[in-house]
Student: 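Quick one: the structure is below, questions incoming.
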Amino acid sequence: MVPERYELIVIGAGPAGLSAAIEAAKHGIRPIVFDENAKPGGQLFKQIHKFFGSKEHRAKVRGFRIGEELLAEAEEYGVKVVLNATVIGLYEEKEITVKIGDEVRHYKGDSVLVATGASENMVNFKGWTLPGVIGAGAAQTMMNLHHIQPGKRVLMLGSGNVGLVVSFQLLQAGCEVVALADAAPRIGGYGVHAAKVARCGVPFYLSHTIIEAEGTDHVTGVTIGQVGPDWKILPGSEKHFDVDTICLAVGLSPMSQLLKQAGCEMADTKGGYVPVCAEDGATSIDGIYAAGDVSGIEEASSAMIEGRMSGATIACYLGYITEEEKKARVQELESALLALRKGMFAPENRGKLVTRTEEGIDTSMSLLEHGFVAEEEITRYPGVTRKVGIHPVMECTQNIPCNPCQDACPKGCITIGENITSLPVVDTEKACVGCGMCVASCSGQAIFLVDEEVEPGYGEVTLPYEFLPLPQEGDRGVALGRDGKEVCEAVVSKVRSSKAFDHTNLLTIKVPTDMVMKARFFKVES
């Protein structure tokens with residue numbers, strides 16, 4: 001049987017695969033994309049949080065919105081996407097076998113891009129096979145795609161960005177996150193993600209891991225324990241929690257099996273078993289490319305850029321654009337990718353303790369060890385200011401690639417500069433009008449508006465709020481500090497929602513004047 005032939009076959013309809021197919025289609029190629037899932041878009045449709053980066057990286061846009069935009073673009077450029085199609089074979093001659101329903105079909109490409117992404121890692125402990133022990137990605141699927149609570153009381157293991165983001169989304173779904181544990185001595189993800197979890201009252205247990213999941217036919221509890229320098233449990237450090245769900249966010253492994261099967265040169269790295277490939281995705285086999293997490297775990301923003309780089313490279317390989325045109329496009333995309341790979345979380349800093357910011361400010365050790373910046377540390381940072389009248393307080397304390405706040409302020413109160421990993425600076429000479437656009441635009445929910453005295457003895461704090469039900473004006477409750485503990489009574493004085501805020505509501509609470517620099521979350525009286 002003669003195989004069906006295409007100029008470009010893409011395996012995987014996630015952010016990298018779709019981006020590559022779109023880029024190639026823009027140059028005249030008509031690619032075909034295979035994906036084993038019932039819907040295209042990969043992980044994007046589970047990501048309800050706002051992305052980091054700058055405008056070119058789709059910063060402050062929620063992941064599922066980016067997914068919708070990619071699908072619309074793919075349709076516009078005539079990209080053919082075949083779903084429920086599992087690629088079961090990739091061969092050196094750029095031939096693939098695909099299982100679609102009960103039928104196995106044979107295709108041949110002039111070029112092949114593998115963008116199969118990654119799978120969740122698991123850890124073994126007593127009871128780890130019980131129903132109720134799930135991966136963080138599975139929890140995201142249940143919540144954000146199927147609108148099902150994974151559980152009522154959840155313990156999260158893992159403090160990387162996935163563990164932190166999913167912990168917050170569990171809270172948004174109405175689950176109680178009883179604790180967030182990690183065997184590492186320091187939080188692995190962005191501090192702003194940790195801070196928004198901590199101020200909701202979730203305790204962090206660093207240097208702790210799971211000893212046992214309890215239950216007979218489902219999870220009913222969990223015991224964790226502190227690990228010593230030898231990674232063994234310290235006797236007497238055990239802590240028990242009544243939970244019905246244990247969520248694991250302990251890393252991802254590239255799904256590179258097809259590339260290995262094709263005979264591509266592979267490397268066993270700290271980031272997993274990956275193909276040896278150039279920056280543009282070219283592997284050791286002529287005409288076979290890789291992009292996204294299959295070639296090394298990064299954020300979805302990076303995967304989309306890598307996909308577009310591969311798409312342009314393939315267009316050149318197939319003769320649709322010149323080498324000069326390819327170089328210009330790849331160079332443009334490389335600069336965007338490089339911006340995402342700078343700062344404290346740059347690849348060369350993975351696993352290292354960065355003790356100072358790029359500006360020479362001491363790193364908050366409380367943030368790394370407990371999930372929140374201590375009161376005595378917060379004033380170190382240039383975005384944390386005091387002045388008469390309403391003004392922004394930027395509790396962004398790490399050099400991460402993100403700058404939407406700079407463009408959001410209509411009065412130019414906020415400055416980051418050309419380097420998107422620089423800490424934001426508040427210009428106290430500029431007059432803040434209290435519009436709240438900076439608060440709504442912050443992907444890390446790390447910006448607050450503070451008015452230190454709206455009436456004798458009382459001030460107001462405007463904070464980002466993404467929970468339902470939304471409090472109403474006049475509601476009374478308590479304000480929580482950065483550590484999630486109650487600091488004072490509070491009353492809601494204003495609630496603002498706007499299409500421009502993209503579902504980040506602005507909640508203004510009135511608190512005693514001496515609490516405006518401490519109150520960072522609000523709980524309605526029960």
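Below, each value reflects all heavy atoms present in this structure, side chains not excepted, and no hydrogens, waters or symmetry copies. Along the sequence shown, residues carry numbers from 1.
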Student: Is the closest basic N to carboxylate O distance between Lys126 and Glu214 below 4.0 Å?
Tutor: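 Judged by the 4.0 Å cut-off on N to carboxylate O distance, Lys126 and Glu214 do not form a salt bridge.
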
Student: Is a donor on one side and an acceptor on the other found under 3.5 Å between the side chain of Thr245 and the backbone of Pro150?
Tutor: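 Yes; at least one donor-acceptor contact below 3.5 Å.
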
Student: Please check this pair: side chain of Ser159 against backbone of Asp182, looking for a donor-acceptor N/O pair closer than 3.5 Å.
Tutor: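 It does not hold such a pair.
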
Student: Taking the side chain as every heavy atom from C-beta outward, state whether Pro235 and Ser237 have any atom pair closer than 4.5 Å.
Tutor: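 Heavy-atom side-chain distance check fails, nothing below 4.5 Å.
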
Student: For atom CD of Glu359, is the number of surrounding heavy atoms from other residues, nucleotides or ligands below 6.0 Å larger than 12?
Tutor: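 Yes, the 6.0 Å shell around CD holds more than 12 heavy atoms from other groups.
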
Student: I'd like to know whether CD of Gln331 has more than 12 heavy-atom contacts from other residues, nucleotides or ligands below 6.0 angstrom.
Tutor: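 Counting neighbours around CD of Gln331, 12 or fewer heavy atoms of other residues, nucleotides or ligands fall under 6.0 Å, so no.
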
Student: Determine whether Phe125 and Val123 make a side-chain contact, defined as any pair of heavy atoms from C-beta on separated by less than 4.5 Å.
Tutor: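 Counting from C-beta outward, Phe125 and Val123 do come under 4.5 Å.
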
Student: Looking at side-chain heavy atoms only, is the closest gap between Cys405 and Ile447 below 4.5 Å?
Tutor: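 A side-chain contact under 4.5 Å exists here.
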
Student: Any side-chain heavy atom of Glu299 sitting closer than 4.5 Å to one from Leu340?
Tutor: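 No; the side chains remain at least 4.5 Å from each other.
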
Student: Going by atom types alone, do Glu466 and Gln445 pair a side-chain donor with an acceptor below 3.5 Å?
Tutor: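 Checked: Glu466/Gln445 side chains pair up, N/O donor to acceptor below 3.5 Å.
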
Student: Determine, using ring centers only, whether Phe52 and Tyr190 are less than 6.0 Å apart.
Tutor: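 Yes, they do, as the ring centres are separated by less than 6.0 Å.
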
Student: For a quick test of reading the model, state the closest non-hydrogen atom pair linking Cys175 to Gln149 and the distance between them.
Tutor: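 For Cys175 versus Gln149, the nearest heavy atoms are N-NE2, 3.7 Å.
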
Student: Would you say the side-chain atoms of Thr513 pair up with the backbone N or O of Tyr458, donor to acceptor, closer than 3.5 Å?
Tutor: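 Checking the backbone N and O of Tyr458 against the side chain of Thr513, a donor-acceptor pair under 3.5 Å is found.
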
Student: Would you say the side chains of Ser497 and Asn505 form a donor-acceptor pair under 3.5 Å?
Tutor: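 Distance-only check passes for Ser497 and Asn505.
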
Student: Can you tell if the side chain of Lys411 reaches within under 4.5 Å of the side chain of Asp427, non-hydrogen atoms only?
Tutor: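 With C-beta onward as the side chain, the pair stays apart.
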
Student: Are Phe467 and Phe521 an aromatic pair, judged by ring center distance below 6.0 Å?
Tutor: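 That pair passes the under 6.0 Å test.
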
Student: So if I apply the side-chain contact (heavy atoms from CB on, under 4.5 Å) rule between Arg496 and each of Thr462, Leu507, Thr504, which one comes out positive?
Tutor: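 Of the listed options, the one satisfying the test is Thr462.
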
Student: Between Val495 and Glu473, which heavy-atom pair has the shortest distance, and what is it?
Tutor: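 Closest heavy-atom pair between Val495 and Glu473: CG2-N, 4.1 Å.
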
Student: Inspect the contact between Arg153 and Asp242 and indicate whether a charged nitrogen and a carboxylate oxygen are less than 4.0 angstrom apart.
Tutor: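 Salt bridge absent between Asp242 and Arg153.
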
Student: Would you mind reporting whether Gln398 and Val192 have side-chain heavy atoms less than 4.5 Å apart?
Tutor: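 Not touching, per the 4.5 Å side-chain cut-off.
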
Student: Looking at His391, is its backbone amide N or carbonyl O close enough to the side chain of Asp451 to form a donor-acceptor pair, meaning the two atoms are under 3.5 Å apart?
Tutor: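 A pair under 3.5 Å: no.
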
Student: Mind listing the closest non-hydrogen atom pair of Arg520 and Val461 along with its distance?
Tutor: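 Minimum heavy-atom contact is NH1-CG1, 3.8 Å.
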
Student: Kindly compute the distance separating CE (Met394) from OG1 (Thr385), expressed to the nearest 0.5 Å.
Tutor: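 So the CE of Met394 and the OG1 of Thr385 are separated by 9.5 Å.
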
Student: Which heavy atom in Leu206 sits nearest to a heavy atom in Glu369, and how many Å separate them?
Tutor: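 Closest heavy-atom pair between Leu206 and Glu369: CD2-O, 3.3 Å.
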
Student: Any non-hydrogen side-chain atom of Phe51 less than 4.5 Å from a side-chain atom of Met304?
Tutor: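 Side chain of Phe51 against side chain of Met304, heavy atoms only: contact under 4.5 Å found.
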
Student: Is any side-chain N of the basic residue among Glu525 and Arg476 closer than 4.0 Å to the acidic one's carboxylate O?
Tutor: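 Judged by the 4.0 Å cut-off on N to carboxylate O distance, Glu525 and Arg476 do not form a salt bridge.
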
Student: List the steps, then state whether side-chain contact (heavy atoms from CB on, under 4.5 Å) holds for Leu70 with Ser19.
Tutor: CA-CA 7 Å; Leu70 273 181; Ser19 297; 3.8 Å; yes

Student: For the backbone of Gly292 and the side chain of Glu306, can you confirm whether one donor and one acceptor N or O come within less than 3.5 Å of each other?
Tutor: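 Yes; judged by distance alone, with no hydrogens or angles, the pair exists.
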
Student: List the atom of Gly225, the atom of Ile233, and the distance in Å for their closest heavy-atom pair.
Tutor: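 Gly225 and Ile233 have their closest heavy atoms at O-CD1, 3.8 Å.
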
Student: Would a distance-only check, ignoring hydrogens and angles, find a side-chain to backbone donor-acceptor pair under 3.5 Å from Arg199 to Ala194?
Tutor: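 Checking the backbone N and O of Ala194 against the side chain of Arg199, no donor-acceptor pair under 3.5 Å is found.
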
Student: Main chain of Glu358, side chain of Asn399: is a donor-acceptor contact present, judged purely on distance under 3.5 Å?
Tutor: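 Confirmed, Asn399 side chain pairs with Glu358 backbone.
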
Student: Would you please say whether a donor-acceptor pair under 3.5 Å links the side chains of Lys46 and Thr141?
Tutor: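 There is such a pair (donor and acceptor under 3.5 Å, judged by atom type) between the side chains of Lys46 and Thr141.
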
Student: Closer than 4.0 angstrom, basic N to acidic O: yes or no for Arg58 and Glu69?
Tutor: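 Yes.
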
Student: Among Val384, Leu367, Asp483, which one satisfies side-chain contact (heavy atoms from CB on, under 4.5 Å) with Val373?
Tutor: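 Exactly one candidate clears the test, Leu367.
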
Student: Taking His240's backbone N and O only, do any of them form a donor-acceptor pair with Thr223's side chain (distance below 3.5 Å, no angle check)?
Tutor: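 It does not hold such a pair.
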
Student: For the side chain of Lys60 and the backbone of Ser441, is there at least one donor-acceptor N/O pair under 3.5 Å apart?
Tutor: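 Such a contact is absent between Lys60 side chain and Ser441 backbone.
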
Student: Does Gly228 offer a backbone N or O that forms a donor-acceptor pair with the side chain of Lys232 under 3.5 Å?
Tutor: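 No.
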
Student: Could you tell me whether the side chain of Glu377 reaches within less than 4.5 Å of the side chain of Ser366, counting heavy atoms only?
Tutor: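 Yes, at least one pair of side-chain atoms sits under 4.5 Å.
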
Student: Please find the pair of heavy atoms, one from Ile414 and one from Pro424, that lie closest to each other, and give the distance.
Tutor: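 For Ile414 versus Pro424, the nearest heavy atoms are CG2-CB, 4.3 Å.
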
Student: Do Glu298 and Arg341 sit within salt-bridge range, that is, some charged N less than 4.0 Å from a carboxylate O?
Tutor: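 So Glu298 pairs with Arg341 through a salt bridge.
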
Student: If you apply the rule side chain to side chain donor-acceptor pair (under 3.5 Å), what do you find for Ser54 with Asn403, and how did you get there?
Tutor: CA-CA 6 Å; Ser54 60; Asn403 70 355; 4.6 Å; no

Student: Between Arg386 and Glu453, does any side-chain N to carboxylate O distance fall below 4.0 Å?
Tutor: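 Salt bridge: no.
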
